[in-house]
Amino acid sequence: MEAKAANAGIAAKDSAEDVQDQAMEEHDKDEVFTSKTMQDSLTAIGRQYAAQPDVPRRVHILGTGSIGKLVAHSLRGLPNPPPVTLLLHRKMLLRAWEAGKQEITMLDDGVEVKRSGFDVELMPLTRREHGVDLKDGQSSVYDFDTEAKPHEIAKQLAAQQSQQSTEQSQRPTDALSEDEPEPSDAAAAEPIHNLIVTLKAPTTLSALRRLRPRLLPTSTICLLQNGMGVIDTLNTHLFPDPTQRPNYMQGIITHGVNVPPAKARIDPFYAVHAGHGTIALGLLPRDDLTPGTPRGAARGEPENPDIWAPSSRYLLRTLTRAPVLCAVGFTPLELLQQQLEKLAVNSVLNPLTVLLDARNGSILYNFALTRTMRLLLAETSLILRSLPELRNLPNINARFSAARLETLVVSVANLTSDNISSMLADVRAGRQTEVEFINGYIVRRGEEMGIKAVVNYAIMQVVLGKGMIGQRERREDVTFEKGMDPNAADL
Ligand SMILES: CC(C)(CO)C(=O)C(=O)O
């Protein structure tokens with residue numbers, strides 16, 4: 001009976017979607033017509049929203065955790081959907097995909113909606129040891145049975161790798177020997193123009209290192225994750241030359257999506273859209289624009305849309321087109337302020353819930369914890385109000401006052417009182433936390449301005465210490481069934 005009702009629900013939803021699809025297709029045709037016939041006469045804002053037939057439409061999604069699934073599922077639900085490639089980081093996931101129905105299922109308001117038509121690519125993770133990438137199955141630099149030290153072995157491996165890559169690039173492709181593994185999938189070598197990253201901040205650098213050769217200065221990377229400072233890390237380690245950097249977009253997600261553990265074991269491509277929220281999106285202005293290009297953000301003025309790369313406009317437009325995502329674009333300066341507010345909330349709720357090993361609501365109505373929160377927020381407020389990028393903005397002192405930040409923390413703790421914070425979930429699962437991109441970011445920004453963020457620093461160290469205790473316990477005391485390593489948990 002229940003299944004019947006659910007099926008009826010799906011059918012009703014499908015026919016409603018069909019009608020909507022037709023309407024949107026007409027709308028799309030109109031937009032292409034507009035872009036072909038009137039492009040020259042459009043205003044800058046008009047060009048921003050017009051369809052762009054020349055931009056490659058494929059969207060790659062890195063991270064198939066709950067948010068990755070929500071975004072992928074929503075994009076394939078669009079009328080005239082873009083091609084979507086899921087970048088899978090584990091063989092087990094690829095096998096599950098191939099053995100399954102090759103669809104993502106989202107349970108929303110009691111109705112299961114299945115969507116297919118995705119492409120997948122396996123992105124085997126490499127380990128980095130002493131500065132060299134070790135491929136899947138390659139021995140650790142610590143395992144060699146010689147007198148040589150791990151860093152010396154790493155040096156030899158690096159030399160070998162660079163020689164191999166030089167030889168390979170000098171040989172014509174048809175001269176590859178039989179036994180040499182050819183790239184398994186030609187698509188895996190193609191450029192990535194539009195990339196959405198839903199990985200956690202600490203794993204982003206190592207994952208993007210694998211994709212570095214496929215990312216062009218014309219590509220756009222949209223980061224949908226907690227924490228701040230990832231872009232600085234990417235620029236330092238992967239894109240030191242500003243002219244070779246991709247374009248960046250950032251987003252703040254308030255959707256609540258989860259994967260019931262019982263379901264995760266049966267179908268890793270299943271998720272529940274439990275709380276409908278929004279995505280605030282903002283593009284980052286490039287640092288390498290020709291001198292003289294008007295850059296509104298730098299002066300705290302409205303943005304000049306002409307400076308955004310076509311892939312950035314395409315990705316922004318595509319994400320904002322998906323009704324369920326409720327994505328809205330903001331100016332870089334407004335998005336930055338929203339990110340900092342979220343950072344302040346996370347910098348209190350996440351580490352405190354880890355230390356207390358308790359749900360978000362546990363910090364409420366407890367004066368000892370209120371004192372701790374106030375100490376943290378006094379320090380964070382001072383640092384945020386001193387940031388050079390916010391200088392000259394009116395209202396900064398009020399928006400980032402310790403009292404207002406406390407109101408934000410309390411209200412989020414109330415709204416999510418039964419939730420387990422993402423940081424506590426990470427610690428419990430033995431995963432690396434985002435603390436260095438939350439409290440660590442506040443500490444780093446403080447240091448730049450000569451402000452010692454001792455409370456944030458101390459709390460970050462305790463969270464790191466707690467994570468280490470958990471990881472050690474897991475390694476030493478508990479034996480896991482093969483294939484059930486909790487550290488391999490999905491991102
Ligand atoms: C706001 C909060 C704490 C909600 O759980 C969160 O964003 C998180 O868990 O990372």
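Whatever order the structure lists ligands and atoms in, that order sets their numbers, starting from 1.
Salt-bridge formation is detected for the pair Arg399/Glu334: a Lys NZ or Arg NE/NH1/NH2 atom is positioned less than 4.0 Å from an Asp or Glu carboxylate oxygen. In summary, Arg214 and Glu121 engage in a salt bridge, as defined by a charged side-chain N under 4.0 Å from a carboxylate O. Ion pair Glu389/Arg445 flagged as a salt bridge, since at least one NZ, NE, NH1 or NH2 atom sits closer than 4.0 Å to an Asp/Glu carboxylate oxygen. Between Asp119 and Arg58, at least one side-chain nitrogen of the basic residue sits less than 4.0 Å from a carboxylate oxygen of the acidic one, meeting the salt-bridge criterion. Between Lys452 and Glu379, none of the side-chain N atoms (NZ, or NE/NH1/NH2) sits under 4.0 Å from a carboxylate O, so this pair counts as no salt bridge.
Across the listed options Thr254, Asn360, Asp418, Val412, Val412 owns the non-hydrogen atom lying nearest to atom 1 (C) of ligand 1.
Contacts of Lys342 with ligand 1, taken as heavy-atom pairs under 4.0 Å, involve the side chain alone.
At a 4.0 Å cut-off, not a single heavy atom of Glu434 sits close enough to ligand 1 to count as contact.
Under the side-chain contact (heavy atoms from CB on, under 4.5 Å) test applied with Leu93, the options Thr64, Leu122, Val120, Leu86 reduce to a single match, Thr64.
Counting only heavy atoms of the protein, atom 6 (C) of ligand 1 lies nearest to Asn346 ND2, 3.3 Å. For atom 3 (C) of ligand 1, the closest non-hydrogen atom on the protein side is Asn350 OD1, 3.1 Å. For atom 9 (O) of ligand 1, the closest heavy atom belonging to the protein is Ser422 N, 2.8 Å.
Atoms of ligand 1 found under 4.0 Å from any heavy atom of Ser421, numbered from 1 in the order shown, are 5 (O), 9 (O).
Where the criterion is an N or O separation shorter than 3.5 Å, residue side chain and backbone included, Asn226 meets it with respect to ligand 1.
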